[in-house]
2 protein chains.
Amino acid sequence: MNVHSKTQAAPRQQIDPTDKRDRILQATIRLISEYGFHGTPVSMIAKDAGVGTGTIYRYFKDKDALVLEIFQQVNCAFKKTLLHEYVVSQPIRDRFLHLCRDIFQYGIHNPYEFKFIEQFYNSPYGTTLRREKLFCNCGDPGQDLPLEQVFAAGKEQNTIKDLPLAALIALAIGPIVFLVKDSIVGLIQLDDATINATMAACWDAVKVETGTSK
Amino acid sequence: MNVHSKTQAAPRQQIDPTDKRDRILQATIRLISEYGFHGTPVSMIAKDAGVGTGTIYRYFKDKDALVLEIFQQVNCAFKKTLLHEYVVSQPIRDRFLHLCRDIFQYGIHNPYEFKFIEQFYNSPYGTTLRREKLFCNCGDPGQDLPLEQVFAAGKEQNTIKDLPLAALIALAIGPIVFLVKDSIVGLIQLDDATINATMAACWDAVKVETGTSK
DNA sequence: AAGGACGGAATGAATGTTCACTCCAAGACG
DNA sequence: CGTCTTGGAGTGAACATTCATTCCGTCCTT
């Protein structure tokens with residue numbers, strides 16, 4: 001960008017304003033999502049980010065701090081994605097499908113972040129976080145996930161099955177996580193038709209049956 | 001060799017026939033399911049198994065061989081569980097629910113093995129295996145998973161939705177894996193009622209709608 | 001020229017693997 | 001029967017490697 005590099009045209013440092021910090025974050029997400037925390041040495045992150053290993057410690061106290069910051073950042077971004085264009089006044093089914101689609105899209109367009117979050121949540125550290133219900137509230141303390149709101153509202157008006165919340169979430173998110181992971185590793189190709197049909201099937205799983213059951 | 005090796009009553013060695021080997025396997029499953037491959041040093045496995053570190057290398061070439069053997073063993077045992085009392089002549093829905101129940105039960109009763117398999121499948125090595133479709137065929141080469149058979153049969157008779165196989169599997173297994181993992185880390189308590197209702201909901205997801213769709 | 005950002009060699013701790021040794025059960029020999 | 005020999009399972013300290021973190025010389029900016 002810019003060129004004349006030097007001669008002051010670029011106001012800050014020469015090449016990377018805070019570029020390096022971002023490169024480190026991105027490389028870490030990518031590598032840890034593939035090899036796991038203990039499977040990715042700091043040296044590997046440095047090489048992938050194109051910086052010296054020492055530089056990483058200029059920006060982060062240690063490896064743990066680096067990973068924790070990534071989790072908080074990615075987790076917040078993901079939650080914001082879910083709330084994007086989410087309208088509480090819409091019918092339960094529409095809101096549900098909207099959320100499903102957002103999760104699908106997020107996973108497909110942010111595969112590394114998606115796998116990173118999943119790994120983190122299933123790590124001992126992530127489990128502790130979940131148990132303590134701390135999460136990252138992103139400045140909206142105490143607010144439930146929108147999916148939980150939808151289920152609560154749906155149960156009241158007898159649109160959603162009367163199941164434990166954990167089971168409903170599993171029915172909604174489980175298949176999506178499963179499919180997206182397969183898609184990320186290249187085992188399948190997710191086209192729009194499949195995504196839509198799968199979302200609809202997730203709805204069938206959580207909705208109250210309308211016709212005869214069986 | 002042989003010789004009546006004495007009186008034959010106690011055929012083999014005195015105390016530990018293959019006891020240690022098993023203890024090593026069990027410890028590895030438990031620890032890796034919790035801390036991951038790179039997160040569990042061999043020394044930790046040795047201590048947990050109550051053997052010297054060197055002993056592990058009497059039974060296994062290296063750490064990789066140890067883990068690979070566990071995967072093959074556990075994977076085969078799991079598949080056998082799925083085929084237990086599985087009757088092809090039963091209706092699609094009954095076979096489906098039977099398989100779902102088996103997966104639930106296996107996960108609840110073998111939490112370490114369950115998490116181990118999940119981790120392995122999502123590791124780079126496991127992904128390669130899946131892509132190569134090699135798996136562990138347990139002596140039944142080419143035989144599909146029973147779940148795949150059920151879906152194939154169900155599609156033919158228009159009982160199961162016409163979705164890609166991967167999507168159907170995700171709809172069936174995704175929620176179960178999700179719930180069992182939560183149950184293993186103690187976030188929820190899975191009672192029979194919840195299990196049954198969740199299985200039924202999985203069926204709703206994959207079955208062809210009978211009443212009006214909406 | 002001063003000061004800080006940067007890279008990467010240096011460092012010490014941790015990990016996977018090896019190896020020289022111990023120990024004990026099971027024949028061999030009297 | 002009792003003692004000696006032996007072979008191999010078992011062990012954990014030692015070794016080589018890898019890792020996270022630190023440190024210092026270099027270079028860029030001002």
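Residue numbers start from 1 in every chain, and the chains themselves are labelled A, B, ... in the order their sequence lines are given, proteins ahead of strands.
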Which listed nucleotide (dT22(D), dG16(C), dC19(D)) is nearest to the side chain of Pro41(A)? dC19(D)
Determine whether His98(A) and Asp94(A) satisfy the following criterion, side chain to side chain donor-acceptor pair (under 3.5 Å), listing intermediate values before the conclusion. CA-CA 6 Å; His98(A) 179 89; Asp94(A) 291 341; over 6 Å; no
Residue pair Ala205(A) / Ala205(B): nearest heavy atoms and the distance that separates them: CB-CB, 3.7 Å
Begin from the C-alpha positions of Glu69(B) and Arg21(B) and carry the test salt bridge (charged side-chain N to carboxylate O under 4.0 Å, His left out) through to its verdict. CA-CA 12 Å; Glu69(B) 171 165 338; Arg21(B) 197 169 199 280; 2.8 Å; yes
Whole-Å gap separating P (dG10(D)) and CZ (Arg23(B)): 9 Å
Length of the line joining Asp62(A):CG and dT22(D):P, which is rounded to integer Å: 8 Å
Let me know the distance between CZ of Phe37(B) and P of dC19(D), rounded to the nearest Å. 12 Å
Please determine if a side-chain N or O atom of Tyr59(B) lies less than 4.0 Å away from the OP1 or OP2 oxygen of dG10(D). yes
Can you see if the side chain of Thr55(B) gets near the phosphate of dT11(D) - specifically, an N or O under 4.0 Å from OP1 or OP2? yes
Report yes if at least one side-chain N or O of Tyr57(A) is closer than 4.0 Å to OP1 or OP2 of dT21(D); otherwise report no. yes
Check the distance between dA20(D)'s C1' and Met44(A)'s CE and give it to me in whole angstrom. 14 Å
Rounded to whole Å, the NE2-C1' distance (His38(A) to dT18(D)) equals 15 Å
Residue whose nearest DNA chain D nucleotide is more 5′ - Ser43(A) or Ile56(B): Ile56(B)
Which nucleotide wins on minimum distance to the side chain of Val51(B), given the candidates dT11(D), dT17(C), dT21(D)? dT11(D)
Presence of Lys20(A) side-chain N/O under 4.0 Å of dG7(C) phosphate oxygens OP1/OP2: yes
Measure the distance from CD1 on Ile45(B) to C1' on dT15(C) and round it to the nearest whole Å. 12 Å
Identify the residue among Asn110(A), Leu25(A), Ile29(A) that makes a side-chain contact (heavy atoms from CB on, under 4.5 Å) with Val74(A). Ile29(A)
Whole-Å distance between dT11(D) C1' and Ile24(B) CD1? 12 Å
Can you tell me the distance, in whole Å, between the CZ atom of Phe60(B) and the C1' atom of dA9(D)? 15 Å
